[in-house]
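Quantities reported herein were computed from a predicted structural model and do not represent experimental measurements. Side chains are part of it too, since the values below use all heavy atoms of this structure and drop only hydrogens, waters and symmetry mates.
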There are 2 protein chains.
Amino acid sequence: MNIPFATIERLAIYVRCLRHLKERGVKKISSYEMAEHTRTTPEQVRKDLSYFGKFGKTGEGYDVEALLKKLEKILKTKRKWNVAIIGAGSLGTALSKYKGFKEVGYDVKAMFDIDPEKINKKINGIPVYHIEKFGEVVDKENIEIAIVAVPTEAVQDIEEIIAKSKVKGILNFAPVTLNLKTRRKIVVLDVDLTQKLYIISYLIKNKWEE
Amino acid sequence: MNIPFATIERLAIYVRCLRHLKERGVKKISSYEMAEHTRTTPEQVRKDLSYFGKFGKTGEGYDVEALLKKLEKILKTKRKWNVAIIGAGSLGTALSKYKGFKEVGYDVKAMFDIDPEKINKKINGIPVYHIEKFGEVVDKENIEIAIVAVPTEAVQDIEEIIAKSKVKGILNFAPVTLNLKTRRKIVVLDVDLTQKLYIISYLIKNKWEE
DNA sequence: TCCTGTGAAGCAATTCACAGCT
DNA sequence: AGCTGTGAATTGCTTCACAGGA
């Protein structure tokens, strides 16, 4: 069966939600309550889950802890992932401080830059290497995911370096489409902050002024 | 006609792409080239544009500058927007430094926090206020968009403050669903960094290990 | 009664295929 | 020949509606 991408996106939100519920000691939850917490509908919640199995009890709802475990397994989120951040500027540094990553199993093992002032020092305890060492460090530290946080001008220079490395997935904050010339499949997800603001502007205009 | 949300999302990417092309002095572009630059298909590009009018010349393609202007107008991106950042931690600070925003017309006018060490000082030239002053500053500075960059624990405290203010749109970096109890429509867009990593993990697993 | 799980229906988005312009 | 613009076909996603278990 083909699982909708939108379902995967929501699954990640369900995991987040279930974690919060577990922390607060909530034991049971229905698809109705879940939907309220995640801006969707109960039917959607049930349908999303149904792609992967039957996790609920009729008339009762879902067991928070059990469902969380199942979803984490589906998303492969239970195991640890080693991450590198390319670009030790303000965004890269902010991301390296982000506690949320480590809490859920994403461990930033290395940062990369070209500024000699930054190289061979540590930022928040994370070693900063020259970008030339990327492939080498990726191998040594078993890094599977790279976060790209470099300015637009620098993207060209790092595309080839990434393509040649063994990295499997990229979270890209640079506002350009990465052009990875490689036979391997590399998963790329874009986070374009400016795009989000554009969309907000459009939605404001169309919700407010008509 | 009802315009697909996915179309709006792509429109923002087209704008970004056209800006780059314009800077590089490119005058003409076909839907085929556009598609290559934006990870989509030529048909999709043409269909997206067709919701808003006819911008191309048969057999020739699109005029980069003219198309850019049209799309900017559609997205209301040509006019200026005043923005506030709530949370002067590392993420908020990184966002305040982000040059991309100002370049495209989003002007960060104020930041908010509760830490007395930060209040009444400036970060990157932007004044930091106590969150209590939020409504007041929003009015005075004509702020329409708020960027939420506070830790999860702090979200509860700011939800009501935002709901009461005149803000029209929110870009939310906190990994929780905002619960804005207000009659007004406020546009909320979430950027959940952890969610993105979850999705990458899933996609890696499903592209690589089967 | 309350809530899950799921085929079927309905709706939305994408892709196809081609007419038509230059 | 080359490329746009767009109805029609197709694919994909969501919502409906209800059977069935506790």
Answer yes or no: does a side-chain N or O of [X] lie under 4.0 Å from OP1 or OP2 of [N]?
X	N	answer
Tyr62(A)	dC2(C)	no
Gln44(B)	dA13(C)	no
Ser31(A)	dT4(C)	yes
Ser30(A)	dC3(C)	no
Arg10(B)	dT14(C)	yes
Arg46(B)	dT4(D)	yes
Lys54(A)	dT6(C)	yes

Using a heavy-atom cut-off of under 4.0 Å over every strand shown, decide if [X] touches base, sugar-phosphate, or nothing.
X	result
Lys57(A)	sugar-phosphate
Tyr32(A)	base
Phe5(B)	sugar-phosphate
Phe55(B)	sugar-phosphate

Quiz prompt | Nearest-nucleotide pick for Thr58(A), side chain only, options being dC3(C), dT4(D), dT15(D) | solution = dC3(C)
Exercise. Could you note down all residue pairs passing side-chain hydrogen bond (donor to acceptor under 3.5 Å, both in side chains) where residues 90-99 of chain A supplies at least one of them, sequence neighbours left out?
Key: Ser96(A)-Asn124(A)
Practice problem: Find the distance between CD1 (Ile200(B)) and CD1 (Ile186(A)) and round it off to the nearest 0.5 Å. | Solution: 11.5 Å
Exercise. Grab the CD-P distance between Glu43(B) and dT10(D) for me, whole Å please.
Key: 16 Å
Practice problem: Assess the side chains of Asn172(A) and Asp190(A): does a donor N or O sit below 3.5 Å from an acceptor N or O? | Solution: yes
Quiz prompt | Ion pair Glu60(A)/Lys28(A), N-O distance below 4.0 Å | solution = yes
